[in-house]
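Worksheet: one structure, shown below.
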Amino acid sequence: MVKTSAKGTKIFTALSSDAPEINAAAQLIRAGELVAFPTETVYGLGAHALQADAVAKIFAAKGRPADNPLIVHIYDLSQLQSLAADIPAEAMLLAQHFWPGPLTLIFSKKPGVPDITTGGLETVAVRLPAHSIALALLRQAGVPVAAPSANLSGRPSPTTAAHVLADLDGRISAILDGGPCTVGVESTVLDIRFGEPKLLRPGGVTPEQISAVLKRPCHLVHWQPENSDAPPSPGLKYIHYAPRAPLYLLTGVPEKQLEKLQQLQQTFQAEGKRVGLLISRESAAKIAGEEVIILGSRNHPAQLAARLFAALRSFDAKQVDVIIAEGYSKTGVGLAVMNRLQKAAGSRVINVGGDE
Ligand code: AMP
Ligand code: MG
C-alpha cells in the first residue's frame, strides 16, 4: 500500500518481508533518494552509502552536523569487505555472535567509502540489523546503506513511522512503515581496533554480553563536553533525545528518588507549571500527577528501553512545561536507557544518594 503525504513524502506500508513496497523503496535508495525504514532498534534514514550526493541529503534533511558520522548498514557479512580495510579477529568473533543485531563495529575504512559518510574520519561504523523488512530492503537495494536515526537532529529517535513523519514529512522521499521497533534504543557502538574494547555508545547489546564473548572487560568510554580533547565518537558532543520541555532526571536509591520527585512536583506546581512524570510501574502505585507516563517495571529494562523514545515524544503532545523522570539501574540494557535519559536531561540530573 502506498500513500503520499500532503507534503510529498511517500508512505509505503510493508506488512512482511516479501511485500512489493520494499522493492519500490529499494529503487529509491538506488536512485540516490532518502528512505526511512524500520530496524529492531529505531527507524533509520537510509541513503546509498557510497554516493556522496545521496548521503549529503541525510545531513540536510536532519539538520545533522557534518562531522557526526553515519552507521553503514549491510545485509550480509560479505559486504563488509568492500567497506573495511582491516577486519580484526575479535571483530569477526563479535559479528558472528551478535549479527544480525544491535551492535555497530568500527573499522578502518576503505577509500571507496566517501568522507561525508564517515564525517571525515578514517574509520567507518558498520551494522547488520536484525529486522526482516530492513534486511529485505538492504538486499534489494544491493548497496551499503548509510542510516542515522530518522529524526530531526537533537530530537528523540523515532520508534514508529508516525514519529518519522512528525519530524521529516516533506523533507524525505519515502517512509517504509513496518510497525513499531522492538528494542527501542539505538545500537551499541564499539571500537575494538586497539587495546581495551571501547564502548562508545551503550545500546541494545550490553557490555556484559560483549565481555562474555571476548573474555575481557568492556567499559563505557567517559567523555565530558568540558574535555578539551576531541571526543572518541563525534556524536558524544551533540544534544540528543530532547523533548520540548526541560527534563529533570533523578538518580540514586528509588525510595529517595520518590521523595525528591514529590518535592519537585510541588515546587513546579506552585509555580503554575504543568508537570509531566515519567515513572516506573512500581512508583505509579504510590504517586499521582496531572500527566503521568508509566515507562515499565524497574525489573524489566528491555521494556523501559522499548517505550522510552515514544514516551519522551508524547510529552510534547501533552504540552507539559517540565518533565521529572525517575532513574534506573545501569545493569544490562538499563545502561543504554540511563545514557539516553541523561542526554535528554543535559545538566538537569539530580542524585539523591546511593547507587540506583
Ligand atoms: P545515529 O546515526 O543517530 O544512531 O548516530 C550514530 C552514532 O555512531 C553517532 O554517535 C556517531 O558519532 C557514531 N559513529 C558513527 N561512525 C563512527 C565512527 N567512525 N567512529 C566513532 N563513532 C562513530
Ligand atoms: Mg541519532
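As the structure lists them, so they are numbered: ligands from 1, and atoms in each ligand from 1. Any value given below was found using the heavy atoms of this structure, including those in side chains, with hydrogens, waters and symmetry copies removed.
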Ligand-residue contact atoms, ligand 1 with Thr123, heavy atoms, under 4.0 Å
18 (C), 19 (N), 20 (N)
Given 3.5 Å as the limit, does a donor-acceptor pair link the side chain of Lys62 with the main chain of Asn151, or not?
yes
Determine whether Arg127 and Glu40 satisfy the following criterion, salt bridge (charged side-chain N to carboxylate O under 4.0 Å, His left out), listing intermediate values before the conclusion.
CA-CA 12 Å; Arg127 173 165 111 85; Glu40 76 280 27; 2.8 Å; yes
Whether Lys318 side chain and Val292 backbone form a donor-acceptor pair below 3.5 Å
no
Pro148: numbered ligand 1 atoms lying under 4.0 Å from its heavy atoms:
2 (O)
Looking only at protein heavy atoms, what sits closest to atom 10 (O) of ligand 1 is Gly235 CA, 3.5 Å
So is Ser233 polar-close to ligand 1, meaning N/O to N/O under 3.5 Å?
yes
Does Lys109 come within less than 4.0 Å of ligand 1, judged by its heavy atoms?
no
Taking 4.0 angstrom as the limit, do Glu282 and Arg298 come out as a salt bridge?
no
For Leu121, counting its heavy atoms only, list the atoms of ligand 1 lying under 4.0 Å from any of them.
18 (C), 19 (N), 20 (N)
Using a strict cut-off of 4.0 Å, indicate which atoms of ligand 1 neighbour a heavy atom of Pro234.
12 (O)
How about Lys110: does its NZ atom have over 12 heavy atoms from other parts shown lying under 6.0 Å from it?
yes
Counting only heavy atoms closer than 4.0 Å, does ligand 1 sit against the backbone of Ile106, its side chain, both, or neither?
side chain
Are side-chain heavy atoms of Leu105 and Phe98 found at a separation under 4.5 Å?
no
Does the N or O separation between Asn68 and ligand 1 drop below 3.5 Å for any pair?
yes
Plane angle bin for Phe268 and Tyr248 - parallel if under 30°, tilted between 30 and 60°, otherwise perpendicular
tilted
Please report the C-alpha distance between Arg244 and Arg155 in whole Å, then the side-chain angles of each, then the deciding distance to 0.1 Å, and finally whether the side chain to side chain contact (heavy atoms under 4.5 Å, CB included) criterion is met.
CA-CA 9 Å; Arg244 297 220 165 82; Arg155 299 271 297 139; 3.9 Å; yes
Do me a favour and list the nearest non-hydrogen protein atom to atom 3 (O) of ligand 1 with residue, atom name and distance?
Ser149 OG, 3.2 Å
Do Pro234 and Pro69 come close enough that some side-chain heavy atom pair is under 4.5 Å?
yes
Any heavy-atom pair between the side chains of Thr123 and Arg193 that's under 4.5 Å?
yes
Near the Mg ion (ligand 2), which protein N/O/S atoms fall under 2.8 Å?
Ser149 OG
I'd like to check which ligand 1 atoms, numbered from 1 as shown, lie under 4.0 Å from a non-hydrogen atom of Arg201.
1 (P), 4 (O), 5 (O), 6 (C), 7 (C)
Using a 4.5 Å cut-off on heavy atoms from C-beta on, say whether the side chain of Phe107 contacts that of Pro88.
yes
How close does the nearest protein non-hydrogen atom get to atom 17 (C) of ligand 1, and which residue and atom is it?
Pro69 CG, 3.4 Å
Could you tell me whether a side-chain N or O of Ser280 sits under 3.5 Å from a main-chain N or O of Ser297, the two making a donor and an acceptor?
no
For Leu200, atoms of ligand 1 separated by under 4.0 Å from a heavy atom:
21 (C)
